[in-house]
Engineer: 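Here it is, the structure, as structure tokens.
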Amino acid sequence: MALRRMHGLLHSGARYVVTDPKAAVECAEENRVMARIAPHVVDDTGGYFVAVTKDDLEFQDEFISGLRRANIGYRVVDVRDAIREEPNLNPEVKAVIEVPDKVVYARELLMSAAVSAYMEGALIVQNAEVVGFDLGNDGEIISARVKDGVKGDVRRVNARVFVNAAGPWAGRVAGMAGVNVDVMPTMGVMVVYRHRLTRRVINRMRPPSDGDILVPYGSVSIMGTTAVIIEDPDSTTITKDDIEFLTSEGSQMVPALAREPVVRAYASVRPLINIPGATGREATRDFMIVRHDKPRNLVSVIGGKFTTGRLVGERLADEVSKMLGVNKPSRTRDYTLFGADLSVDIKDLDPDVVSIIKSFRGSIDEERGLMASLSLILQYITRRSRSLIGWA
């Protein structure tokens, strides 16, 4: 669940139309797909790109041209109308463009995806870590050595194909199999403030840079983010300067942010494709699927964004199908995830689980019940999975 350490933005693609047009088009399409297949975890807030300085205003024409090329819907909004819609917006903003940004609730989405996978035959085991591979004489991986975080012992898992989708740790996992995957771990810091200050996502109208997105996430506001290349994805440090910088940048768009209490700060590590000479901000947000020559039954994926995660999975699944000799394409583009309609989805679950889920209906906690229900179901399927593979 480390992937839930993101800022909550389901990108419209607008942020990348000038600097990374391929990623922009992918984000725009996945924004629409995710809203369709997981409506229960997507909040269609919309987003504003705001010009604060003269330099921002000079970027506007190039930005609009990029939106048109990427076929991303937009609307130029009169500044006075924008401030009426968003009273906390800086009254000195010089231009506003509306785009179809959305907010996605990451933990609920990941749990919905996990339960859906289980319903389709996958086994879900949490708190387990790959610590090595056993290689055969023919150059293929025979088994992965997996440490059970519950009992502490190491088990072997056999498979015909092994997928390395370990994010910023992908290079480390590939190294266990004797191959190199060149990942550029890039840390981003995000700051959570006590109150929700805007209805929409507020973006700075400039090329992608540090501190240019304010996301309304439930009842709080999240300001992000930075981009610093690090050596070890397990070692992230958040400084007071990070928090002060993000607050300062955000308050240029929404001045009230400077007066908001900080609830917490957190960091995530992007598994960016390592491009020589590129900084963490300049590196593409596109992704790459690597089918290794040796071990030939190992495939790795690096890059991408949370917004394009489903697309990454689709391309990865199609590659694995080829390796297995299966002529069936991924169908997640049109697969409604578990949880979109709990009253229908829970019919085949254990009666005790169903009873607890139904108890949320009509109560003060009905909205929060989705999270509680998904957490309960995930615990249930994890126990069953561990039992089926003999890890109970």
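Counting from 1, the numbers follow the sequence of the chain as shown.
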Engineer: Ring centroids only, cut at 6.0 angstrom: are Y74 and F63 within range, meaning strictly under it?
Structural biologist: no

Engineer: For I389, what are the other residues in its hydrophobic cluster, where any two members join if their side-chain heavy atoms are less than 4.5 angstrom apart?
Structural biologist: L123, V125, V130, F133, L135, I141, V146, V157, F162, V173, M176, V179, L298, L388, W391

Engineer: Considering only NZ, NE, NH1 and NH2 on the basic side and carboxylate oxygens on the acidic side, decide whether R296 and E140 come within less than 4.0 Å.
Structural biologist: yes

Engineer: We want to know whether D318 and S330 form a side-chain donor-acceptor pair, criterion being a heavy-atom distance below 3.5 angstrom.
Structural biologist: no

Engineer: Counting distance only, does the side-chain N/O of N297 pair as donor-acceptor with the main-chain N or O of R160 below 3.5 Å?
Structural biologist: yes

Engineer: More than 12 non-hydrogen atoms from neighbouring residues, nucleotides or ligands closer than 6.0 Å to CG on D293, yes or no?
Structural biologist: no

Engineer: Could you verify whether a donor N or O on one side chain and an acceptor N or O on the other, from D212 and N203, lie under 3.5 Å apart?
Structural biologist: no

Engineer: Mind listing the closest non-hydrogen atom pair of H195 and S221 along with its distance?
Structural biologist: O-OG, 2.7 Å

Engineer: Can E120 and R331 be counted as an ion pair, charged N to O under 4.0 angstrom?
Structural biologist: yes

Engineer: Regarding R310 and T332, is there a side-chain donor-to-acceptor distance under 3.5 Å anywhere?
Structural biologist: yes

Engineer: Say whether, by atom type as modelled, one donor and one acceptor occur between the side chain of H7 and the main chain of L9 under 3.5 angstrom.
Structural biologist: yes

Engineer: Can you check whether D242's main-chain N or O pairs, donor with acceptor, with T239's side chain at less than 3.5 Å?
Structural biologist: yes

Engineer: Does this structure show an ion pair linking K151 with D153, if we count only N-O contacts that are shorter than 4.0 Å?
Structural biologist: no

Engineer: Inspect the contact between R200 and D101 and indicate whether a charged nitrogen and a carboxylate oxygen are less than 4.0 angstrom apart.
Structural biologist: no

Engineer: Is any side-chain N of the basic residue among R172 and D232 closer than 4.0 Å to the acidic one's carboxylate O?
Structural biologist: yes

Engineer: Less than 4.0 Å between a side-chain N and a carboxylate O, is that true for E249 and R206?
Structural biologist: yes

Engineer: State, without any angle test, whether Y193 and T247 hold a side-chain donor-acceptor pair at a distance under 3.5 Å.
Structural biologist: yes

Engineer: Is it possible for you to say whether I97 and I213 belong to one hydrophobic cluster, with membership spreading through side-chain heavy-atom contacts below 4.5 Å?
Structural biologist: no

Engineer: Can you establish whether the number of heavy atoms outside D234 located under 6.0 Å from its atom CG is more than 12?
Structural biologist: yes

Engineer: Check the pair T382, Q126 against side-chain hydrogen bond (donor to acceptor under 3.5 Å, both in side chains), reporting the backbone distance first and the verdict last.
Structural biologist: CA-CA 7 Å; T382 298; Q126 300 186 83; 3.3 Å; yes

Engineer: Using side-chain hydrogen bond (donor to acceptor under 3.5 Å, both in side chains), reason through D56 and T53 one step at a time and then give a plain yes or no.
Structural biologist: CA-CA 5 Å; D56 295 351; T53 66; 3.3 Å; yes

Engineer: Please check if the number of heavy atoms outside N327 that lie under 6.0 Å from its CG is greater than 12.
Structural biologist: no

